[in-house]
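Not measured: the values here are computed from a predicted model. So you know, we letter chains A, B, ... as the sequences are listed, proteins then strands, and number each from 1.
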There are 2 protein chains.
Amino acid sequence: MEKLVLLKKFGANIKKIRESKGLAQIDLAVKMGYADDATSISRIEAGRTNPTLFTIHKISTALDMPMADLLDFNALEE
Amino acid sequence: MEKLVLLKKFGANIKKIRESKGLAQIDLAVKMGYADDATSISRIEAGRTNPTLFTIHKISTALDMPMADLLDFNALEE
DNA sequence: TATAAACTTGACATATATGTCATCATAGGC
DNA sequence: GCCTATGATGACATATATGTCAAGTTTATA
């Protein structure tokens, strides 16, 4: 898969899960320990950054979702 | 989970899967498109770097393993 | 249409990932 | 002992992730 496509798919998946939990970007950011600033979340959800494993792990913890689930967006399409 | 622990677990998992496929680090590196150099693989397996999503994706493709499986190393322990 | 909540965007300093090279260490087989 | 395969390590230039701020946009709603 091409890089930009991958990042967009991941971002869309995070957004979908976040919204399913009724959280705003800022809520997720605060849960991840950020200083009341959702910039990083916005970038990730838009696919404008290539997050590291540790960042993915922090999202996973904050959303209470296994990392494996966050990356399982290829079961549907390819 | 603490960052260093996470990176070490991920690295150990990659190493286990790579070896189960009978591949040397250099084989994986070449499959990922690197120039006959396994330095990056060595770093990742040792947990000395915090790989990006795209790097994880390249490993996934090269090892023919879903990304979700590569990150599913918490099913066993925590 | 005014207001507020939610999200986006550009910029910034800092840290670190990436890919590569040269070199070193280790282990096994001959 | 020698050679080869394998992996580890330090250094390097370059690219980019991270966390933050300020400012802008979008959306909804009263």
Taken to the nearest 0.5 Å, the spacing of B:I14 CD1 from B:L71 CG works out to 7.5 Å
My understanding is that only residues two or more places apart in sequence, or in another chain, count here; which of them pass side chain to side chain donor-acceptor pair (under 3.5 Å) with A:S40?
A:R43
Is there a side-chain contact between B:R48 and B:L7 (heavy atoms, below 4.5 Å)?
no
Under the side chain to side chain donor-acceptor pair (under 3.5 Å) rule, collect the residues that match up with A:T49, sequence neighbours excluded.
none
What does the B/S/- profile of nucleotides 23-30 of chain C look like, 5' to 3', with a 4.0 Å heavy-atom cutoff to protein?
--------
Using a heavy-atom distance cut-off of less than 4.0 Å, which residues of residues 35-53 of chain B contact DNA chain D?
B:T39, B:S42, B:R43, B:R48
Test item: B:K3 side-chain N/O and A:F54 main-chain N/O as donor-acceptor pair under 3.5 Å
no
When you list every nucleotide of DNA chain D with an atom under 4.0 Å from a heavy atom of chain B, which one comes first 5' to 3', and which comes last?
D:dG7 to D:dA11
Using a 4.0 Å cut-off on heavy atoms, which residues in residues 17-33 of chain B reach DNA chain C? List them by number, or say none.
none
The side chain to side chain donor-acceptor pair (under 3.5 Å) partners of B:T52 (sequence neighbours excluded) come to A:N50, B:T55
Tell me, please, which residues at least two apart from A:K58 pass salt bridge (charged side-chain N to carboxylate O under 4.0 Å, His left out).
none
At under 4.0 Å between heavy atoms, what does A:K15 touch on the DNA or RNA strands: base, sugar-phosphate, or nothing?
nothing
Please name all residues satisfying side-chain contact (heavy atoms from CB on, under 4.5 Å) with B:A24, sequence neighbours left out, ordered by chain then number.
B:I26, B:D27
Using atom types as modelled and distance alone, determine if a side-chain donor or acceptor of A:K21 lies under 3.5 Å from a backbone N or O of A:L63.
yes
My understanding is that only residues two or more places apart in sequence, or in another chain, count here; which of them pass side chain to side chain donor-acceptor pair (under 3.5 Å) with B:N13?
none
Should B:I41 and B:Y34 count as side-chain neighbours, where that means a heavy-atom distance under 4.5 Å?
yes
With a 4.5 Å cut-off on side-chain heavy atoms, are A:I59 and A:R18 touching?
no
Residues in side-chain contact (heavy atoms from CB on, under 4.5 Å) contact with A:D69, at least two apart in sequence or another chain:
A:M65, A:P66
Would you say that B:Q25 contacts B:K15 through its side chain, given a criterion of any heavy-atom pair below 4.5 Å between the two side chains?
no
Take the C1' atoms of the five end pairs on each side of the helix from C:dT1-D:dA30 to C:dC30-D:dG1, get both axes, and report the angle to 10 degrees.
40°
Taking A:S42 for its side chain and A:T39 for its backbone only, find out whether a donor-acceptor pair lies under 3.5 Å.
no
